[in-house]
Undergrad: 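One structure coming up, written as structure tokens, with questions to follow.
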Amino acid sequence: SPAADWSVDDRGDALALRLPATGEVLMTGADGELVLSDVGPAPVRFMAATGCADYPEVELNVSGPHLSGPTPNGEVQGFVDTHLHVTAHEFLGGRVHCGRPWHPYGAPTALVDCPDHSLTGGAGAVLENLLSGGLPVEPHDTVGWPTFADWPAPGSLTHEQTYYRWLERAWHGGLRIMVNLLVENRVLCEIYPLKLNPCDEMASVRLQAQRIRELERYIDAQSGGPGEGWFRIVDDPDEARAVANQGKLAVVLGIEVSEPFGCSSYLGVPQCSAEQIDADLDELQRLGVRQLTVIHKFDNALGGVAGDGGTKGTVINVGNFYGTGRFWDFETCDAEDTGVHDNDQELVPGAAEHTALFGAILSAFGPELALPLYPPPHHCNVLGLSPLGRHAIEAMAERGMIVDVDHMSVRARQEALDVLEELQHPGVISSHSWSTPDAYSRIYALGGMTGPYAGGSEGFVDAWRQRRAAADPRYLFGIGFGADSNGLGAQGMPRGADAENPVTYPFTGFGGVVIDKQVSGSRVYDINVDGVAHYGLYPDWIEDLRRLAGDEIVADLARGAEAYLQTWERSLAAAEQAGSPPAAPPA
């Protein structure tokens, strides 16, 4: 607590310790004992001691060397997560997400449930239950540390999954590049009743950019001092390559928001300008952002969205109405199911009556509001890429940024790729499988890359084979994975203890490290029965992939970090060749 938070003043060969909570300093009393006094300063020296208490912490359960490169600028070996949300504890007003990736008081304080969950035995976790496909009122064990009876879990979408020690375990297991996307959604933030932070998306991006650097400093403090930590935020591919070849984790910043640059649209009228887009891109570069999702959950002034399906889609579609004044305008487009369509909608008149919560949400907009009736599937959004959307992509290409075409409607993505092909801009990615099969060969032909949504092991193996078939032989093929942890996206479910060829512990992972079952508090995790309950289990998930598809899939994953760096390098080179202004200075 603050009663034990000391400030330390370096006095050369000694330290002065002050307690800000009381304004007092630590001194030696007349009998040699330590006392607090309101006079000072009184420098003290520390001496080595034994018998100190071990503060409780999440275990790593990994042993062995960190694989590093022979030179700073050599080829990188290791995995890349192309889509992650470490700072999501601050999004949607800062009260939706339960737990946080670090806390000065450690795991017992960081890994706790939300107050509205804890006070109701989990029954008050309406959004958690709704997004997880359960009933609006469905209790869960809220204890968290140290028992973790019900969370984190693959299907729990509002509980912390990227505590820094879990990230550290993934790094030990071979993760060398991580793209952390600063995430926000103004509409869902405004609808959710509990808030700590403002709902303005750019304000949230700024706050999360601050938080990720605070985490870097925190990890430095655990590792010996400034610059000593394994978690390094990078600004360019040269820096990322050097960090990864030191055997550390290079962290790239990106954003995934629904109204980038304030580009909402209401009743079809854009709420932003080209000048605003340019100004915000300049600010994002100064913040260190290098990858950007153009469209996320709702239609915006830049173009149409792919939409969500199922129960979650119903909620998001209501949010689209709240934010834009319109429901999604979807039409039948792919009757033969080639896979080139947006997410199908299952709404019918009166569907809100099936769930009391939907009825309550709709009634807030007026008694006459009804959910739309869609034609037979498969569905496509009629909205494509707008002129402002084209300008945004051109402006990103000028700055050498990586354009993420996920979440776009089929029409918007096809038109976005048309623009990128015209510009010959290789900085393009599908970071977590929110694109359609027609896009992958075009992405690879440009010199881009993909990171399929991690999810279940069998599904990822299928996606890997699909991407391999679409790859362009002119470029190094390596594949990433998009975990989307903390991003309201489910993680990989277990194959089951009785599955064929399960993971056996301990096993030898990437670079020769030995990986045993992960232990958090009193909970012991096993990928076979727990799935990817938290981010620390991604080394186990990769071993599960190896059991399913052999060494070849791990080899392609181990080239993922290098493939990402080469795409980034090509992106900057193309911008420079096009005569664009120099990139923003390091953040």
Side-chain angles (χ1 to χ4, degrees), residues 54-67 78-79 81 84 86 98-103 106-112 141 143-156 159-176 178 215 219 222 230-231 249 454-457 460 481 483-486 490-497 499 502-548 554 557:
D54 288 329
Y55 197 81
E57 187 54 278
V58 165
E59 299 179 24
L60 295 178
N61 312 108
V62 179
S63 60
H66 294 114
L67 185 66
F79 311 128
D81 186 343
L84 188 63
V86 176
C98 308
R100 50 179 293 171
W102 86 100
H103 193 282
T109 304
L111 298 174
V112 297
D141 186 288
V143 172
W145 176 274
T147 55
F148 299 114
D150 282 344
W151 66 269
S156 176
H159 291 100
E160 179 60 44
Q161 292 180 313
T162 63
Y163 184 65
Y164 89 98
R165 290 281 282 183
W166 295 332
L167 293 173
E168 186 175 358
R169 189 173 192 267
W171 161 64
H172 277 277
L175 187 70
R176 289 297 176 266
M178 181 189 83
L215 173 58
I219 293 174
Q222 313 307 308
W230 50 269
F231 184 99
L249 177 63
S457 300
F460 187 88
F481 63 90
D484 203 13
S485 300
N486 293 348
Q491 302 300 289
M493 299 300 290
R495 288 199 294 132
V503 172
T504 57
Y505 293 91
F507 61 88
T508 301
F510 178 78
V513 297
V514 178
I515 299 173
D516 211 336
K517 291 181 180 179
Q518 200 282 316
V519 179
S520 296
S522 59
R523 178 74 185 270
V524 180
Y525 288 95
D526 182 332
I527 191 73
N528 300 296
V529 295
D530 297 310
V532 186
H534 59 69
Y535 201 81
L537 294 170
Y538 267 99
D540 313 54
W541 176 79
I542 289 172
E543 173 65 9
D544 198 39
L545 296 179
R546 191 186 70 79
R547 299 287 177 131
L548 286 170
V554 179
L557 282 163

Undergrad: Would you mind reporting whether Val513 and Thr508 have side-chain heavy atoms less than 4.5 Å apart?
TA: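 Thr508 does not reach Val513 side chain to side chain.
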Undergrad: In chain order, what residues pass the side chain to side chain donor-acceptor pair (under 3.5 Å) check against Ser520, with sequence neighbours excluded?
TA: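 By the side chain to side chain donor-acceptor pair (under 3.5 Å) rule, Ser520 matches Trp166, Gln518.
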Undergrad: Using the side chain to side chain donor-acceptor pair (under 3.5 Å) criterion, which residues pair with Thr162? Sequence neighbours excluded.
TA: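 If we apply the side chain to side chain donor-acceptor pair (under 3.5 Å) test to Thr162, skipping adjacent residues, the hits are Glu160, Asn486.
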Undergrad: What pair of heavy atoms forms the shortest contact from Asp141 to Gly144, and how long is it?
TA: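 Minimum heavy-atom contact is OD1-N, 4.4 Å.
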Undergrad: Any non-hydrogen side-chain atom of Ile527 less than 4.5 Å from a side-chain atom of Val532?
TA: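 Yes, side chains in contact.
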Undergrad: Which atom pair, heavy atoms only, marks the closest approach of Ala454 to Ala483?
TA: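 Smallest heavy-atom distance, with atoms named: CB-CA, 4.1 Å.
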Undergrad: My understanding is that only residues two or more places apart in sequence, or in another chain, count here; which of them pass side chain to side chain donor-acceptor pair (under 3.5 Å) with Tyr525?
TA: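 For Tyr525 there are no side chain to side chain donor-acceptor pair (under 3.5 Å) partners, ignoring immediate neighbours.
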Undergrad: Check whether any side-chain heavy atom of Tyr163 lies under 4.5 Å from a side-chain heavy atom of His534, and answer yes or no.
TA: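 Result no, sub-4.5 Å side-chain heavy-atom pair not found.
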Undergrad: Does Arg495 reach the side chain of Leu548, with side-chain heavy atoms less than 4.5 Å apart?
TA: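 Heavy-atom side-chain distance check passes, below 4.5 Å.
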Undergrad: Nearest 0.5 angstrom please: Arg546 CZ to Leu557 CG, how far?
TA: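 If we round to the nearest 0.5 Å, Arg546:CZ and Leu557:CG are 13.0 Å apart.
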Undergrad: Given 3.5 Å as the limit, does a donor-acceptor pair link the side chain of Gln161 with the main chain of Ala153, or not?
TA: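 Between the backbone of Ala153 and the side chain of Gln161 there is a qualifying donor-acceptor contact (under 3.5 Å).
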Undergrad: Can you check side chain to side chain contact (heavy atoms under 4.5 Å, CB included) on Glu168 and Ile219, steps first, answer last?
TA: CA-CA 10 Å; Glu168 186 175 358; Ile219 293 174; over 6 Å; no
Undergrad: Can you check side chain to side chain contact (heavy atoms under 4.5 Å, CB included) on Ile515 and His172, steps first, answer last?
TA: CA-CA 9 Å; Ile515 299 173; His172 277 277; over 6 Å; no
Undergrad: Using ring pair (Phe, Tyr, Trp, His ring centres under 6.0 Å) as the criterion, list what pairs up with Trp145, not counting sequence neighbours.
TA: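 For Trp145, no residue satisfies ring pair (Phe, Tyr, Trp, His ring centres under 6.0 Å) once neighbours in sequence are set aside.
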Undergrad: For the residue pair His66 and Trp171, is the inter-centroid distance of their aromatic rings smaller than 6.0 Å?
TA: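 Close enough - the centres of the two rings lie under 6.0 Å apart.
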Undergrad: With sequence neighbours left out, write down each residue that passes side chain to side chain contact (heavy atoms under 4.5 Å, CB included) with Asn528, or none if nothing qualifies.
TA: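 Counting only residues at least two positions away or on another chain, Asn528 forms a side chain to side chain contact (heavy atoms under 4.5 Å, CB included) with Pro502, Val503, Tyr505, Asp526.
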Undergrad: Taking all non-hydrogen atoms of both residues into account, name the closest pair between Gly173 and Pro539 and its distance.
TA: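 Closest approach of Gly173 to Pro539, heavy atoms only: CA-CG, 3.9 Å.
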Undergrad: May I ask you to test the Val112-Val143 pair for a side-chain heavy-atom distance under 4.5 Å?
TA: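 Not touching, per the 4.5 Å side-chain cut-off.
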Undergrad: With a 4.5 Å heavy-atom cut-off, do Arg547 and Thr504 have their side chains touching?
TA: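 SC-SC contact between Arg547 and Thr504 confirmed.
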Undergrad: Less than 4.5 Å apart, any side-chain heavy atom of Leu111 and any of Phe148?
TA: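 Of all side-chain heavy-atom pairs linking Phe148 with Leu111, at least one is under 4.5 Å.
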Undergrad: Who are the ring pair (Phe, Tyr, Trp, His ring centres under 6.0 Å) partners of His159, not counting sequence neighbours?
TA: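 For His159, the residues satisfying ring pair (Phe, Tyr, Trp, His ring centres under 6.0 Å) (neighbours in sequence not counted) are His117, His140, Trp151.
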Undergrad: Quick one: list whatever passes ring pair (Phe, Tyr, Trp, His ring centres under 6.0 Å) with Phe481, sequence neighbours left out.
TA: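 Applying ring pair (Phe, Tyr, Trp, His ring centres under 6.0 Å) to Phe481 gives Tyr538, Trp541.
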Undergrad: Ignoring hydrogens, what is the shortest heavy-atom contact between Leu545 and Ser457? Give both atom names and the distance.
TA: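 Answer, listing the atom of Leu545 first, then Ser457: CD2-O, 3.6 Å.
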Undergrad: For His103, enumerate each residue passing the side chain to side chain contact (heavy atoms under 4.5 Å, CB included) test, keeping only those at least two apart in sequence or located in another chain.
TA: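 Testing His103 for side chain to side chain contact (heavy atoms under 4.5 Å, CB included), a comparison that skips the adjacent residues, returns Arg100, Tyr105, Thr109, Ala110.
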Undergrad: Kindly indicate whether the side chain of Phe507, heavy atoms from C-beta on, has any atom under 4.5 Å from the side chain of Asp540.
TA: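 Of all side-chain heavy-atom pairs linking Asp540 with Phe507, at least one is under 4.5 Å.
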Undergrad: Please name the pair of heavy atoms, one in Val86 and one in Pro101, separated by the smallest distance, quoted to 0.1 Å.
TA: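 For Val86 versus Pro101, the nearest heavy atoms are O-CG, 3.4 Å.
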Undergrad: Tell me every residue that passes side chain to side chain donor-acceptor pair (under 3.5 Å) with Glu59, counting only those two or more places apart in sequence or in another chain.
TA: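 Once residues adjacent in sequence are excluded, the partners of Glu59 under the side chain to side chain donor-acceptor pair (under 3.5 Å) criterion are Asn61.
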Undergrad: Side chain to side chain contact (heavy atoms under 4.5 Å, CB included) with Pro494: which residues, sequence neighbours excluded?
TA: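 Testing Pro494 for side chain to side chain contact (heavy atoms under 4.5 Å, CB included), a comparison that skips the adjacent residues, returns none.
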Undergrad: Tell me, please, which residues at least two apart from Arg523 pass salt bridge (charged side-chain N to carboxylate O under 4.0 Å, His left out).
TA: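 Counting only residues at least two positions away or on another chain, Arg523 forms a salt bridge (charged side-chain N to carboxylate O under 4.0 Å, His left out) with Asp530.
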Undergrad: Walk me through whether Leu175 and Asp81 qualify under side chain to side chain contact (heavy atoms under 4.5 Å, CB included).
TA: CA-CA 8 Å; Leu175 187 70; Asp81 186 343; 4.1 Å; yes
Undergrad: List the residues meeting side chain to side chain contact (heavy atoms under 4.5 Å, CB included) with Leu67, not counting sequence neighbours, and say none if there are none.
TA: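 Residues passing side chain to side chain contact (heavy atoms under 4.5 Å, CB included) with Leu67: Gln77, Arg176, Phe510.
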